[in-house]
Amino acid sequence: MSDEKILLKSENIDKRFGITHAVDNVSINIDRGEIRALIGENGSGKSTFCQMLCGIYTLGGGRFILDGQEMHIRNQVEANNLGVSIIVQEMGTLSGLTVAENIFLGHEDPFMHRGIKDTGAMVKEAQRLLNEYGFNNIMAGSMIDNYNFEDRKLIEIVKATYMKPKILIVDETTTALSQNGRLELYKIMDAVRADGRSVIFISHDLAEVLEHCDTISILRDGEYIDTVNSKDVNEDDLKRLMVGREIGSAYYRTDYGKVISDEVVLSVKNVTVPGQIEDVNFDLHKGEILGFGGLSECGMHEIGKAVFGASWDRSGNVTLSDGTEINDIPSAIKHSIAYASKDRDNESIILNESIKNNIVLPSLDDLAEKHILKGGKLKKFAQEFADKMQTKMQGINQFVSDLSGGNKQKVVLARWLGKGSDILVLDSPTRGIDVKVKQAIYALMSELTAQGKSIIMISEEIPELLGMSDRILIMKDGKINGSFMRSETLNEEDLIAKMV
């Protein structure tokens, strides 16, 4: 292989966080004009590797050579200028700024005249780019906070690609997008490849990887395992390479015909959130997994917030079996309702706090003895539930911000396991999570319902809805548009027909 064909060389890349060897002497070459998948279990080092390449983390050892030139990167702006951009898994835009300011953050010079920023010119250029990408519904002059998680991802796509980077890193981005958003991203990736530039694509969706990537590199426990051609392997091959052993394909429940209890634990009556959901009614039964599905902007994600008392302008009633009304978050937590948001980093955990403090937070009242919190008791409690979720960590005092996406989700679930909540509202519970952790979460859900706990599962993944739900409600335009009971004959087409 000639050096002219290679766009990026990574030689002996290394990174440690305390005692954790996150990336261990990894060397990978990426050719011009290819889409290279980078896969592995949560904590395998793939995101850390890419975050060193784009300047989010400093190199622990080794070197990157881009287009024949060794890179010396101190921050993300320098990486952008050298031709490396990233679309991160979680939120990559800054609140308090406009859409245009986010798109051109760190690259404002073309709009500066004698030290004064030409805001009008910046907004005009940002709007031109948004329209060019087909994102006409997003207004460049609006505050970024006016847009939801998915729209902010679309804005990040513009930000990361308008300068035509030599290497575009897509880190678990598709999990935050609707099907239409994913199609737009795939088009952009194809255009990068056609232009002789390259994409590094991180995803836990192995079918997606096989369909959209040319080659696949596998990391395991921070070490490089292999690189394979997509056309030469299948999903089972990739799972075996990721984990180092065979993984059973049965993630989902195999039972059918389960009798749902008549006991209603929560009733939602005439719930409306202006512009989001309208006149929604349903009951949740004891021991049931009630799935909610639909297309982007259908309102299903607002259902979770409404049940948890997190929608400030909600009308209608959310009532427990004993008649208790749930109108705010403290009431929900007090009365044994848990909520895990799709937007994990901003709504489900406190990033710049320890694993311990995140896990104990909802349970502080329960752990207090005569209004006094004892450190030893908090530590034991956090350790117990972090271990139950098999969280990969240096210790419970490690900051959550240092964890992989899957381990962050384990912390989210650990805090509610510790609380002993009877009703769990799980929005996109396996977003950005590898196959082994998915199996563990699905097994946990089945275990919880067997104990008589009830789950509302909101998911954009139709196989997940079909595989785990006792009953499925499909949302369209803010209303329930279809209801299905668990059945061996129920299929994707049945659900899609009610979504569109």
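Treat the numbers as computed from the prediction; the structure is a model and nothing was measured.
- Between the CD atom of Glu208 and the OG atom of Ser203 there is a distance of 4.0 Å, given to the nearest 0.5 Å.
- Asp345 approaches Lys408 most closely through the heavy-atom pair OD2-NZ, 3.3 Å.
- Asn25 and Asp14 share no donor-acceptor pair across their side chains, judged by distance under 3.5 Å alone.
- Not a single donor-acceptor pair under 3.5 Å links the side chain of Thr324 to the backbone N or O of Leu320.
- A donor and an acceptor atom, one from each side chain of Glu288 and Thr449, are nowhere located under 3.5 Å apart.
- Under the 3.5 Å distance criterion, with hydrogens and angles disregarded, a donor-acceptor pair is assigned to the side chains of Glu464 and Ser459.
- Among Lys342, Arg431, Lys438, Arg182, the single residue meeting the salt bridge (Lys or Arg N to Asp or Glu O under 4.0 Å) criterion with Glu461 is Arg182.
- A cation-pi arrangement is absent between Arg253 and Tyr442, since the terminal nitrogen or guanidinium carbon is not both under 6.0 Å from the aromatic centre and inside a 45° cone about the axis.
- The environment of NZ in Lys334 is sparse: at most 12 heavy-atom neighbours from other residues, nucleotides or ligands sit within 6.0 Å.
- Within 6.0 Å of NZ in Lys269 there are more than 12 heavy atoms belonging to other residues, nucleotides or ligands.
- Arg415 places no side-chain N or O within donor-acceptor distance of the main-chain N or O of Leu361, the cut-off being under 3.5 Å.
- For the pair Asn407 (side chain) and Ser404 (backbone), a donor-acceptor distance under 3.5 Å is absent.
- Thr93 places no side-chain N or O within donor-acceptor distance of the main-chain N or O of Arg152, the cut-off being under 3.5 Å.
- Sorted by first and then second residue, the ring-ring contact (aromatic ring centres under 6.0 Å, His included) pairs involving residues 329-378 (not counting sequence neighbours) are Phe308-Tyr339.
- Using modelled atom types, one side-chain atom of Ser261 and one backbone atom of Glu263 make a donor-acceptor pair closer than 3.5 Å.
- Considering CG of Asp145 and CG of Leu94, their distance stands at 10.0 Å, rounded to 0.5 Å.
- The shortest heavy-atom contact between Ala160 and Ile86 is CB-O, 3.8 Å.
- Between the side chains of His301 and Glu460, a donor-acceptor pair is found at a separation under 3.5 Å.
- Aromatic pair Phe49/Tyr224: centroids not less than 6.0 angstrom apart.
- With a 6.0 Å cutoff to the six-membered ring centre and a 45° limit on the axis angle, Lys15 counts as a cation-pi contact of Phe17.
- Here Met499 contributes atom CE and Met475 contributes atom CE; the two are 11.5 Å apart, rounded to the nearest 0.5 Å.
- Ser341 and Asp427 share no donor-acceptor pair across their side chains, judged by distance under 3.5 Å alone.
- Between Asp226 and Arg220 there is no salt bridge, since no side-chain nitrogen of the basic residue lies less than 4.0 Å from a carboxylate oxygen of the acidic one.
- Here the side chain of Glu447 pairs no donor or acceptor atom with the backbone of Ala443 at under 3.5 angstrom.
- Within a 6.0 Å sphere centred on NZ of Lys258, heavy atoms belonging to other residues, nucleotides or ligands number more than 12.
- Contact check on Lys153 versus Glu156 returns a salt bridge, with a Lys/Arg side-chain nitrogen under 4.0 Å from an Asp/Glu carboxylate oxygen.
- Between atom NE2 of residue His212 and atom CG of residue Asp205 there is a gap of 8.5 Å, rounded to the nearest 0.5 Å.
- Side-chain atoms of Thr227 and Ser217 form a donor-acceptor pair, as typed in the model, at a separation below 3.5 Å.
- No more than 12 heavy atoms of other residues, nucleotides or ligands shown are found within 6.0 angstrom of CG on Asp262.
- Scanning both residues, Leu266 and Val307, for their nearest heavy atoms gives CD1-CG1, 3.9 Å.
- Comment: Glu384 does not engage Lys380 in a salt bridge, judged by the lack of any side-chain N to carboxylate O separation of less than 4.0 angstrom.
- For Asp322, the CG atom sits in a packed shell: over 12 heavy atoms of surrounding residues, nucleotides or ligands are nearer than 6.0 Å.
- Under a 3.5 Å cut-off, the side chain of Thr161 and the backbone N or O of Ile157 do form a donor-acceptor pair.
- One N or O on the side chain of Asn234 and one on the backbone of Asp236 form a donor-acceptor pair closer than 3.5 Å.
- Residues Val228 and Ile218 form a side-chain contact, since some pair of their non-hydrogen atoms from C-beta on lies under 4.5 Å apart.
- Applying the 6.0 Å contact sphere to CD of Gln390 captures no more than 12 heavy atoms from other residues, nucleotides or ligands.
- Lys392 NZ: more than 12 foreign heavy atoms inside a 6.0 Å radius.
- Put simply, CD1 on Ile303 and CD1 on Ile456 are 8.0 Å apart, with the number rounded to the nearest 0.5 Å.
- A donor-acceptor contact shorter than 3.5 Å links the side chain of Glu78 to the backbone of Arg74.
- Judged by distance alone, the side chain of Asn358 and the main-chain N or O of Ser354 form a donor-acceptor pair under 3.5 Å.
- In summary, Asp470 and Arg486 do not engage in a salt bridge, as defined by a charged side-chain N under 4.0 Å from a carboxylate O.
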